[in-house]
Amino acid sequence: MTVNPAIDSPSDLVKNLEAEIRTYQAFIQVLQTEQDALIQGDIDPLLELAQIKSEKVVLLSQLAENRTRFLSTRGCAQEHGGMAKWLLQRNGDNPQIAELWQQLLSLAEKARQLNQINGSMIDTRLRNNQQALAILQTAAKQSALYGPDGQTLSPGLGRPLDKV
């Protein structure tokens, strides 16, 4: 998807908001696919999904930047309240924009929640893997090792136990 570099009119803003909505919907689908893979323990698709997520985030950033520039040229702040201020100034003369804005906010919140859940799932899996690895490393250090002569070796010392 190509992003129009400038929004010059309310109709351009509608097109930009519609593009943001479509991109958020696709982003949410990727997050849901990622969550399914995490639940099933299928890590193979996660790298590809991370790449797709990154592309969607870049596109969302570009679309948001266009919207922000549009609002700032009309004297509205660049933060979240800028759109609300602009809509208020317009006295509801374009209800479609207000409806699209609310839909966009809802999708953004859903994406935030899904991403947070997925991040928690990844963090939990990572901690479990680190704990399992630590247990294996501890067990390996405690197991008896044998040298070429069949004598027990002390872990890390490389000398037979009866020679210590």
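For this chain, numbers begin at 1 and follow the sequence in order.
- Using a 4.5 Å cut-off between side-chain heavy atoms of Ile, Leu, Val, Met, Phe, Trp and Tyr, with links allowed through other members, Met121 and Leu31 fall into different hydrophobic clusters.
- Applying the side chain to side chain donor-acceptor pair (under 3.5 Å) criterion to Thr124, with sequence neighbours excluded, gives Arg127.
- Using modelled atom types and a 3.5 Å distance limit, the side chains of Glu20 and Asn16 yield a donor-acceptor pair.
- Under a hydrophobic-cluster definition in which Ile, Leu, Val, Met, Phe, Trp and Tyr are linked whenever side-chain heavy atoms come within less than 4.5 Å, directly or via other members, Phe70 and Leu105 are assigned to the same cluster.
- Cluster annotation: Val30 and Ile39 are assigned to the same hydrophobic cluster (Ile/Leu/Val/Met/Phe/Trp/Tyr, side-chain heavy-atom contacts under 4.5 Å, transitive).
- Taking all atoms of both residues into account, the shortest heavy-atom contact from Leu13 to Ile7 is N-CG2, 3.3 Å.
- Cluster annotation: Ile21 is connected to Val57 through the hydrophobic network of ILVMFWY side chains, with a link wherever side-chain heavy atoms come within less than 4.5 Å.
- What you find for Arg74 and Ser9 is that their closest heavy atoms are NH2-N, 4.4 Å.
- Atoms CD1 and CG, on Ile97 and Leu87 in that order, are 7.0 Å from each other to the nearest 0.5 Å.
- In this structure a side-chain-to-backbone donor-acceptor pair under 3.5 Å is missing from Asn115 to Ala111.
- Closest heavy-atom contact between Lys56 and Ala26: CE-CB, 3.8 Å.
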Quiz item: Checking side chain to side chain contact (heavy atoms under 4.5 Å, CB included) for the pair Arg67/Trp101: CA distance, chi angles, key distance, verdict?
Solution: CA-CA 11 Å; Arg67 179 175 28 83; Trp101 179 243; 3.6 Å; yes
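- Every salt bridge (Lys or Arg N to Asp or Glu O under 4.0 Å) that Glu109 has, sequence neighbours left out, goes to Arg112.
- The nearest pair of heavy atoms linking Gly41 to Arg125 is CA-NH2, 3.6 Å.
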Below 3.5 Å, can you tabulate the donor-acceptor pairs from side chains in residues 46-53 to any protein atom, sequence neighbours excluded?
{"unit_1": "Gln51", "atom_1": "NE2", "unit_2": "Glu55", "atom_2": "OE2", "d": "3.2"}
{"unit_1": "Lys53", "atom_1": "NZ", "unit_2": "Glu34", "atom_2": "OE1", "d": "3.3"}
{"unit_1": "Lys53", "atom_1": "NZ", "unit_2": "Glu34", "atom_2": "OE2", "d": "2.9"}

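- A 6.0 Å sphere centred on CD1 of Ile117 holds more than 12 heavy atoms belonging to other residues, nucleotides or ligands.
- When the shell of 6.0 Å around CD of Glu99 is examined, it contains 12 or fewer heavy atoms from other residues, nucleotides or ligands.
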